[in-house]
Amino acid sequence: MAIVVDAISFLLSGLLLAGIRSDRDVPARDERRGLVREIGEGLAFVLRHPILRMIAACTASANLANAMNNALSVLFLINVVGITPGVMGLLFSVAGVGGLVGAALVGPMSRWAGSARTIWLSSLLTTPFILLVPLAAQGWRLGLYAFAWFVVSVGIVVYNVSQVSFRQAITPDHLLGRMNATMRFIVWGTLPLGALIGGVLGEHLGVLPAVWIACALTPLSVIPLLLSPLRRMRDLPEPVSP
């Protein structure tokens, strides 16, 4: 039944997307220069840009660590912490609330700290809280798990809204699709790898040590942003040419 409800939610999402109306024109066929060449242009634009490639590195490494954690979370909560599936669902829902809070905070935070600065601040200030996750246990320490994922979820939403807005602002219109496709290929490509690594570590080292490793890797994902020009900027720059 849970899977059925989830499937219905995707159907409703598709119907809502189908209702979006846009007046953008589709490029004429004679303006298209071949799939391989266009993929290369998008990849070159991302990798040559001093900020985009750092955002890609940050997001890809964070997704790798989160995928490791996701592969282990059910085993950790059921077998190590010893809670019931119902309580586990309740803990997961707290993260969803954190996402809603993050969506409400991104605007005020961008105005206060700056739209560019918010990208790395959101990650720097929230990802360390994930180190509370492996400390979860029966009783009041379940609150550590819920609080950790609440804060991390706030940071994830603030970061994603900020960095996607940044990417769109600095990318010329004719490269937006290729830039987004390249970024998604890079940052989502680490998800299956992270799940595989998490499963292998959990099998050979044990679930709790593997969770510690995944959580320890998460805060390190902000390092590329701290080494990028983004750290010296406050707000979005003017759009640049490729």
Side-chain angles (χ1 to χ4, degrees), residues 46-47 49-70 72-73 94-136 143-171 179-180 183-184 186-191 193-194 197-198 210-237:
V46 170
L47 296 183
H49 197 285
I51 297 176
L52 285 182
R53 66 170 175 258
M54 291 303 197
I55 289 177
C58 171
T59 311
S61 56
N63 282 351
L64 178 79
N66 283 337
M68 291 171 61
N69 234 321
N70 290 340
L72 298 162
S73 58
V94 174
V97 175
L100 294 175
V101 173
L105 289 178
V106 64
M109 186 172 178
S110 295
R111 290 188 292 271
W112 170 71
S115 54
R117 196 178 292 162
T118 297
I119 298 175
W120 61 268
L121 271 178
S122 59
S123 181
L124 181 68
L125 296 177
T126 61
T127 53
F129 283 90
I130 203 169
L131 295 173
L132 296 176
V133 166
L135 301 177
L144 296 178
Y145 187 96
F147 178 70
W149 278 113
F150 174 86
V151 175
V152 170
S153 296
V154 170
I156 288 173
V157 171
V158 173
Y159 170 78
N160 279 333
V161 172
S162 301
Q163 60 98 358
V164 170
S165 300
F166 184 90
R167 282 157 41 187
Q168 293 174 339
I170 65 175
T171 303
M179 178 275 294
N180 277 320
M183 293 291 289
R184 290 190 176 195
I186 294 172
V187 305
W188 288 357
T190 60
L191 291 174
L193 181 61
I197 294 172
V211 170
W212 269 112
I213 293 172
C215 291
L217 290 175
T218 303
L220 299 180
S221 63
V222 74
I223 292 177
L225 297 182
L226 299 180
L227 298 177
S228 76
L230 198 64
R231 190 181 172 194
R232 299 186 293 273
M233 299 165 55
R234 186 185 189 279
D235 292 299
L236 297 176

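Numbers here simply count residues along the sequence, with the first being 1.
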- Hey, mind stepping through Val211 and Val133 against side chain to side chain contact (heavy atoms under 4.5 Å, CB included) and telling me if it holds? CA-CA 8 Å; Val211 170; Val133 166; 4.2 Å; yes

- Enter the distance from Ile156:CD1 to Thr127:OG1 here, rounded to the nearest 0.5 Å. 9.5 Å

- Message: Does any part of the side chain of Val106, heavy atoms only, come nearer than 4.5 Å to the side chain of Asn160, both counted from C-beta?
- Response: no

- Message: Is there a side-chain contact between Ile119 and Val158 in this structure, where contact means two heavy atoms from C-beta onward sitting under 4.5 Å apart?
- Response: no

- Test log, rule side chain to side chain contact (heavy atoms under 4.5 Å, CB included), inputs Trp149 and Val94: CA-CA 7 Å; Trp149 278 113; Val94 174; over 6 Å; no

- Message: Treating Thr171 as the side-chain partner and Gln168 as the backbone partner, does any N or O pair qualify as donor plus acceptor under 3.5 Å?
- Response: no

- Query: Taking all atoms of both residues into account, what is the closest heavy-atom pair of Val154 and Gly98, and its distance?
  - Reply: CG2-O, 3.1 Å

- Closest approach of Ser165 to Val161 (non-hydrogen atoms, all atoms of both residues): OG-O, 2.7 Å

- Item | Partner set under ring-ring contact (aromatic ring centres under 6.0 Å, His included) for Phe150, not counting sequence neighbours | none

- Task: Please name the pair of heavy atoms, one in Val157 and one in Gly102, separated by the smallest distance, quoted to 0.1 Å.
- Result: CG1-C, 3.8 Å

Show which side-chain atoms of residues 213-226 pair as donor or acceptor with protein atoms under 3.5 Å away, not counting sequence neighbours.
| residue | atom | partner | partner atom | Å |
| --- | --- | --- | --- | --- |
| Thr218 | OG1 | Ala214 | O | 3.0 |
| Ser221 | OG | Thr218 | O | 2.7 |

- Rounded to the nearest 0.5 Å, the CZ atom of Arg167 sits from the CE atom of Met179 at a distance of 5.0 Å

- Message: Nearest 0.5 Å, please: how far is CE in Met68 from CG in Leu193?
- Response: 9.5 Å

- Hey, does Ile197 have a side-chain heavy atom less than 4.5 Å from the side chain of Leu64? yes

- Message: Within the 3.5 Å criterion, strictly below it, is a donor on Thr59 or Tyr159 matched to an acceptor on the partner's side chain?
- Response: yes

- Donor-acceptor under 3.5 Å (Thr190 side chain, Ala60 main chain): yes

- Hey, is CZ on Arg231 packed in by over 12 heavy atoms from elsewhere, all under 6.0 Å? no

- Task: Would you mind reporting whether Trp212 and Leu135 have side-chain heavy atoms less than 4.5 Å apart?
- Result: yes

- Taking every heavy atom of Ala210 against every heavy atom of Gly198, the minimum-distance pair comes out as CB-O, 4.4 Å

- Query: Are any of the side-chain heavy atoms of Leu121 and Met109 separated by less than 4.5 Å?
  - Reply: yes

- Query: Side chains of Tyr145 and Ser73: closer than 4.5 Å at any heavy-atom pair?
  - Reply: yes

- Task: Starting at CD of Gln163, measure out to OG of Ser115 and round the result to the nearest 0.5 Å.
- Result: 13.0 Å

- Atom CD1 of Ile55 and atom NE2 of His49: how far apart are they, to the nearest 0.5 Å? 8.5 Å

- Query: Could you state the interatomic distance from CG (Leu191) to CG (Asn66), rounded to the nearest 0.5 Å?
  - Reply: 8.5 Å

- Query: Nearest heavy-atom pair of Ala148 and Leu132: which atoms, and what distance?
  - Reply: CB-CB, 3.9 Å

- Task: Measure the shortest side-chain to side-chain distance between Phe166 and Met233 over non-hydrogen atoms and say whether it is less than 4.5 angstrom.
- Result: yes

- Message: Closer than 3.5 angstrom, by distance alone: can the side chain of Arg117 be matched with the main-chain N or O of Ala113 as a donor-acceptor pair?
- Response: yes

- Item | Non-hydrogen side-chain atoms of Met54 and Leu230 separated by less than 4.5 Å | no

